[in-house]
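Worksheet for the structure shown next.
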There are 2 protein chains.
Amino acid sequence: MFKAVISVNFKKSILDPQGNAVLKALNSLGYQNVEDVRIGKHIEVMLDCENKDKAKEQLNEMCDKLLANPVIEDYQVEVVEVGR
Amino acid sequence: MFKAVISVNFKKSILDPQGNAVLKALNSLGYQNVEDVRIGKHIEVMLDCENKDKAKEQLNEMCDKLLANPVIEDYQVEVVEVGR
């Protein structure tokens, strides 16, 4: 059994309105030292697979097909083996 | 300058309908080996602060006040120092 942590974020060149709204909210709450906020998705996937390489390969496929939009988003996949 | 990566997720006891929808979608795309999906937020914050401890303290405050709902969500904060 493997646990994957995937983070999906807008590419640097893409505007992030949700992040900007949170930045303004933090500034107006008194956190003037906050300079940038970007908000993306944090996805945890539990999957059963023969080995870690195969798991990683499948997860990259899932990201390309469903979890991320490769046109505007980047993703990072981390896989760790866990017990049942 | 510090960069913080915050992940905000529903507590284990809270249902995650978005995660369930993605789980079903992955299963129907042929990934029958996927057993669980949980979806949360991935927040990156750049902030200026004297030291790492102070930054972490402020970030925990921000999570409690704005970034997470402590009633139904857990959060994790990781801070690294970065150049300007």
Side-chain angles (χ1 to χ4, degrees), chain A residues 1-12 16 18-51 54-55 57-68 73-79 82 84, chain B residues 1-12 16 18-51 54-55 57-68 73-79 82 84:
Chain A
M1 188 73 130
F2 293 90
K3 177 180 175 176
V5 175
I6 302 167
S7 54
V8 180
N9 287 287
F10 284 126
K11 292 185 179 182
K12 285 229 169 83
D16 175 7
Q18 195 187 358
N20 286 342
V22 169
L23 173 62
K24 281 183 193 154
L26 286 172
N27 287 160
S28 65
L29 277 173
Y31 300 105
Q32 303 289 345
N33 56 337
V34 176
E35 301 193 356
D36 192 29
V37 178
R38 305 279 291 178
I39 297 184
K41 279 176 284 182
H42 173 98
I43 307 173
E44 288 183 10
V45 178
M46 299 292 292
L47 79 169
D48 206 11
C49 219
E50 300 139 44
N51 60 57
K54 181 84 183 146
E57 192 191 312
Q58 278 206 329
L59 286 157
N60 282 324
E61 256 179 49
M62 291 177 208
C63 285
D64 287 328
K65 282 192 198 166
L66 183 79
L67 303 176
E73 290 171 327
D74 283 327
Y75 59 83
Q76 282 179 298
V77 180
E78 276 169 54
V79 186
V82 291
R84 280 230 156 240
Chain B
M1 189 72 130
F2 294 90
K3 177 179 175 175
V5 175
I6 302 168
S7 53
V8 180
N9 287 287
F10 285 126
K11 292 183 179 185
K12 288 230 168 86
D16 176 7
Q18 194 185 0
N20 285 342
V22 168
L23 172 62
K24 281 183 195 155
L26 286 173
N27 286 162
S28 67
L29 275 173
Y31 301 105
Q32 304 287 347
N33 56 338
V34 176
E35 300 193 357
D36 192 28
V37 178
R38 304 279 291 176
I39 297 185
K41 280 176 286 184
H42 173 99
I43 307 173
E44 289 182 10
V45 178
M46 299 292 291
L47 79 169
D48 207 9
C49 221
E50 300 139 44
N51 61 57
K54 181 83 185 146
E57 193 191 310
Q58 279 206 329
L59 287 157
N60 282 324
E61 258 179 46
M62 292 177 208
C63 286
D64 286 327
K65 283 191 196 165
L66 184 78
L67 303 176
E73 290 171 328
D74 284 326
Y75 59 83
Q76 282 179 298
V77 179
E78 276 170 53
V79 185
V82 291
R84 280 232 154 238

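Letters A, B, ... mirror the listed sequences (proteins, then strands); counts begin at 1.
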> So with a 6.0 Å cut-off around NZ of B:Lys11, is the heavy-atom count from everything else above 12?
Replying inline: yes

> What residue in B:Ser7, B:Ala4, B:Cys49 has the most heavy-atom pairs under 4.5 Å with chain A?
Replying inline: B:Ser7

>> Less than 4.5 Å to any heavy atom of chain A: does that hold for the side chain of B:Leu67, its backbone, both, or neither?
In response: side chain

>> Could you measure the distance from the NE2 atom of A:His42 to the CD1 atom of B:Ile6? Nearest 0.5 Å is fine.
In response: 12.5 Å

> B:Gln32 versus chain A, heavy atoms under 4.5 Å apart: side chain, backbone, both or neither?
Replying inline: neither

> Based on non-hydrogen pairs under 4.5 Å, which of B:Glu44, B:Glu61, B:Lys65 is most in contact with chain A?
Replying inline: B:Glu44

> If only atom types and distance count, is the side chain of B:Asn33 paired as donor or acceptor with the main-chain N or O of A:Asp48 below 3.5 Å?
Replying inline: yes

> Which bit of B:Ile43 is near chain A, if near means a heavy-atom gap under 4.5 Å: side chain, backbone, both or neither?
Replying inline: both

>> Under 4.5 Å from any heavy atom of chain B, what part of A:Ile39 do you find: side chain, backbone, both or neither?
In response: both

> Rounded to the nearest 0.5 Å, how far does CG of A:Asp36 lie from NZ of B:Lys3?
Replying inline: 10.0 Å

> Quick one: of B:Val5, B:Leu29, B:Asn9, B:Leu23, who has the most non-hydrogen atom pairs under 4.5 Å with chain A?
Replying inline: B:Asn9

>> As an exercise, state the distance from CD of B:Glu35 to CG of A:Leu47, rounded to the nearest 0.5 Å.
In response: 8.0 Å

